Colleague: 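The structure follows.
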Amino acid sequence: MNSYAPYFLMAGIFILIICTIFFARKQHVVLKKVGFICWISLVFYFLTEYIVIRASTVSYSFFQQPMSDPGVTTCGKNTYILASYEICSPYHLLMNWTFTITGLVILTGSIGLHQFWPHKQKTKIATALLITFGISYSISGIVPADLHFLWHTLSSFPGMIVQIPALLIIGISIRKARPKLALWTFFCSSVTTISLLLILLLPLFPELPGGLLQRILYGSVYLWMAATALVLWRKEHINVKDTPSKYTSRKI
C-alpha cells in the first residue's frame with residue numbers, strides 16, 4: 001500500500017510557501033533576489049530527472065513516455081489509465097518532490113521578477129498565468145498519475161497552455177525597451193507552441209515522440225526563465241553600479 005504521508009507533506013509545504021510569499025509580497029528587494037535564484041535553478045530540473053530515470057528497474061523511453069511516469073509510485077503494468085506498459089521507478093518520491101519544488105520556484109520567480117516588466121495590466125495577467133503554470137506543475141507532483149489520474153491530468157492541463165500567452169504578453173511589453181530579450185521570448189513561445197500543437201496530434205500520429213515533445217514544451221519555458229533571470233540580474237547589477245534601475249518595484 002502506498003504511503004500518502006509524503007504527499008500530504010508536499011501539499012503542506014506548498015501551501016506554507018504560498019502563504020509566506022503572500023505576506024512577503026511587499027519585500028520587493030528580497031523577492032527580486034529570490035526570484036533570480038529560483039528561475040536560474042530551473043536548469044537543474046533535467047539533471048534530477050536523468051538521475052531518477054537511470055534508477056528505473058525497467059526500460060524507460062525518454063522519447064515516448066510522458067514525464068509523469070518516473071513519478072509513478074507503484075511498479076507493474078496498467079499503473080494508471082493509458083499506461084499499458086511496465087513502469088518501476090524506485091526514485092519516484094524524488095521525482096514528485098522535484099515536480100512540486102519546480103512549480104514552487106516557477107511561481108516564486110514569477111512574483112519576484114514581475115517588477116521588471118512594464119507597469120501594465122497585461123503584464124499582471126502574464127504573471128498570473130506564470131503563477132498558474134507553477135501551481136499546475138506542483139500539483140502534478142503532489143498528486144501522482146497512479147494515485148489519482150483524473151486530478152493529476154486536470155491539474156497538469158493548464159500548465160501546458162498558460163505559458164504561451166504569458167510569454168507573448170511579456171515579449172510584446174518589452175519589445176521596445178529590451179528588443180533582444182523580447183526576441184528570445186518570442187522564440188521560446190514559438191517552440192513551446194509548436195510542441196503543444198504536435199502533442200495534440202499524437203492521437204492521429206502516435207509515432208511522434210510524445211515524451212520528447214512534452215519535455216520541449218516545458219523545457220523551452222525553463223530555459224527562457226533561466227536565461228531571462230540571468231539577463232535581468234546582469235542588468236540589475238549594472239544599474240546598481242551605475243544608475244538606478246529603469247523599472248521601479250511594483251506590487252502585483
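Note that these values count all heavy atoms, side chains included, but never hydrogens, waters or copies made by symmetry. This one's a predicted model, so the numbers in the text were calculated from it and none came from an experiment.
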Colleague: Hey, quick one: are I135 and L154 part of the same hydrophobic cluster, counting side-chain heavy atoms closer than 4.5 Å, chains of contacts allowed?
Modeller: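 In one cluster with I135: L154, no.
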
Colleague: Would you compute the distance between atom CD of E49 and atom OG1 of T102 and round it to the nearest 0.5 angstrom?
Modeller: 10.0 Å

Colleague: Can you check whether Y137 and Y218 have ring centres sitting under 6.0 Å from each other?
Modeller: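 Between Y137 and Y218, the centre distance is under 6.0 Å.
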
Colleague: Would a single hydrophobic cluster contain both L181 and L230, if residues Ile, Leu, Val, Met, Phe, Trp and Tyr are joined by side-chain heavy-atom contacts under 4.5 Å?
Modeller: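 Not linked; separate clusters.
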
Colleague: In the structure I gave you, are the side-chain heavy atoms of V143 and S155 within less than 4.5 Å of one another anywhere?
Modeller: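 No, their side chains stay 4.5 Å or more apart.
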
Colleague: Would you name the heavy atoms of P90 and S56 that are closest together and state the gap between them?
Modeller: CD-CA, 4.0 Å

Colleague: Looking at I172, is its backbone amide N or carbonyl O close enough to the side chain of R175 to form a donor-acceptor pair, meaning the two atoms are under 3.5 Å apart?
Modeller: yes

Colleague: Is there a continuous path of hydrophobic side-chain contacts, each under 4.5 Å between heavy atoms, that joins V58 to M95?
Modeller: no

Colleague: For a 4.5 angstrom cut-off between non-hydrogen side-chain atoms, does L196 reach L198?
Modeller: no

Colleague: Check this for me: W151, atom CH2, are more than 12 non-hydrogen atoms of other residues, nucleotides or ligands nearer than 6.0 Å?
Modeller: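 No, not enclosed.
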
Colleague: Would you check if the side chain of T123 reaches a backbone N or O of H119 as a donor-acceptor pair within less than 3.5 Å?
Modeller: no

Colleague: Taking CG in L200 as the centre, count heavy atoms belonging to other residues, nucleotides or ligands within less than 6.0 Å. Is the count above 12?
Modeller: yes

Colleague: Kindly indicate, with the supporting measurements, whether the criterion side-chain contact (heavy atoms from CB on, under 4.5 Å) is fulfilled by M67 and I53.
Modeller: CA-CA 10 Å; M67 294 168 65; I53 290 174; over 6 Å; no

Colleague: Roughly how far apart are L113 CG and K33 NZ, rounded to 0.5 Å?
Modeller: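 Rounded to the nearest 0.5 Å, the CG-NZ separation comes out at 13.5 Å.
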
Colleague: Nearest 0.5 angstrom please: L208 CG to F63 CZ, how far?
Modeller: 13.5 Å

Colleague: With distance as the sole test, does S136 use its side chain to make a donor-acceptor pair with the main-chain N or O of T132 at under 3.5 Å?
Modeller: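 No, the answer is negative, given that no donor and acceptor are paired below the 3.5 Å cut-off.
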
Colleague: Hydrophobic clustering (ILVMFWY, side-chain heavy atoms < 4.5 Å, transitive) - are Y4 and L150 grouped together?
Modeller: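 Looking at the clustering, Y4 is in a separate group from L150.
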
Colleague: Give me the atom names and distance for the closest heavy-atom approach of L168 to F186.
Modeller: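 Between these two residues, the closest heavy atoms are O-CE2, 3.9 Å.
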
Colleague: Does Q214 use its side chain to pair, donor to acceptor, with the backbone of P66 at less than 3.5 Å?
Modeller: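 The answer is no, because no donor-acceptor pair under 3.5 Å joins these two groups.
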
Colleague: Looking at every heavy atom in both I142 and A11, which two are closest together, and how far apart are they?
Modeller: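 Scanning both residues completely, I find the closest heavy atoms to be CD1-CA, 3.9 Å.
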
Colleague: Keeping T108 on the side-chain end and V105 on the backbone end, is there a donor-acceptor pair under 3.5 Å?
Modeller: no

Colleague: Among I111, L104, L16, find the residue that satisfies the side chain to side chain contact (heavy atoms under 4.5 Å, CB included) test when tested with I21.
Modeller: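 Filter result, single survivor: I111.
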
Colleague: Please walk me through it: do V162 and L130 pass side-chain contact (heavy atoms from CB on, under 4.5 Å)?
Modeller: CA-CA 7 Å; V162 294; L130 291 178; over 6 Å; no

Colleague: Rounded to the nearest 0.5 Å, what's the gap from OG on S138 to CG on L107? Could you check?
Modeller: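 Going from OG on S138 over to CG on L107, the span is 6.0 Å.
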
Colleague: Side chains of W39 and T228: is there a donor and an acceptor less than 3.5 Å apart?
Modeller: no

Colleague: Search all heavy atoms of V221 against all heavy atoms of Q163 and return the closest pair with its distance.
Modeller: CG2-CG, 3.4 Å

Colleague: Mind checking whether C38 and I106 have side chains closer than 4.5 Å, heavy atoms only?
Modeller: no

Colleague: Please give me the minimum heavy-atom distance between G141 and N96, naming the atom from each residue.
Modeller: O-CB, 3.4 Å

Colleague: Could you tell me the separation between the OG1 atom of T185 and the CE atom of M225, rounded to the nearest 0.5 Å?
Modeller: 11.0 Å

Colleague: What's the separation between atom CD in E86 and atom CG in N78, rounded to the nearest 0.5 Å?
Modeller: 10.5 Å

Colleague: Could you go through the side-chain contact (heavy atoms from CB on, under 4.5 Å) check for R178 and L232 one step at a time?
Modeller: CA-CA 10 Å; R178 292 172 177 163; L232 295 177; 3.0 Å; yes

Colleague: Regarding Y85 and D69, is there a side-chain donor-to-acceptor distance under 3.5 Å anywhere?
Modeller: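 D69 and Y85 do have a side-chain donor-acceptor pair below 3.5 Å.
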
Colleague: Under 3.5 Å, is there a donor-acceptor pair between the side chain of Q115 and the main chain of H28?
Modeller: yes

Colleague: Linking I/L/V/M/F/W/Y whenever their side-chain heavy atoms sit closer than 4.5 Å, directly or via other members, would L82 and L212 fall into one cluster?
Modeller: no

Colleague: Measure from the side-chain N and O atoms of R234 to the backbone N and O of V231, and report whether any donor-acceptor pair falls under 3.5 Å.
Modeller: no

Colleague: Just checking, R215 and F62: is the charged tip under 6.0 Å from the six-membered ring centre and within 45° of the axis?
Modeller: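 Flagged: R215 positioned over aromatic ring of F62.
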
Colleague: Do P70 and Y60 have side chains that get closer than 4.5 Å, going by heavy atoms?
Modeller: yes

Colleague: With side-chain contact (heavy atoms from CB on, under 4.5 Å) as the test, would you mind laying out the steps for I87 and Y80 before giving the verdict?
Modeller: CA-CA 10 Å; I87 298 174; Y80 67 89; 3.9 Å; yes

Colleague: Can you tell if the side chain of T79 reaches within under 4.5 Å of the side chain of F149, non-hydrogen atoms only?
Modeller: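 Heavy-atom side-chain distance check fails, nothing below 4.5 Å.
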
Colleague: Quick one, P144 and V72 - any side-chain contact, counting heavy atoms below 4.5 Å?
Modeller: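 No, their side chains stay 4.5 Å or more apart.
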
Colleague: How far apart are the closest heavy atoms of S68 and H152, and which atoms are they?
Modeller: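 So the minimum-distance heavy-atom pair works out to OG-NE2, 2.8 Å.
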
Colleague: Within the structure provided, determine whether F44 and T98 are in side-chain contact (heavy-atom separation under 4.5 Å).
Modeller: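 No; the side chains remain at least 4.5 Å from each other.
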
Colleague: Other residues, nucleotides and ligands only: do more than 12 of their heavy atoms fall within 6.0 Å of CZ on F36?
Modeller: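 Buried by this count: over 12 neighbours within 6.0 Å.
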
Colleague: So among V191, I170, T192, L42, which one has a side chain to side chain contact (heavy atoms under 4.5 Å, CB included) with W224?
Modeller: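 Testing each of V191, I170, T192, L42 against W224, the sole residue satisfying side chain to side chain contact (heavy atoms under 4.5 Å, CB included) is I170.
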
Colleague: So do the side chains of W184 and L167 get within less than 4.5 Å of each other, counting heavy atoms only?
Modeller: no

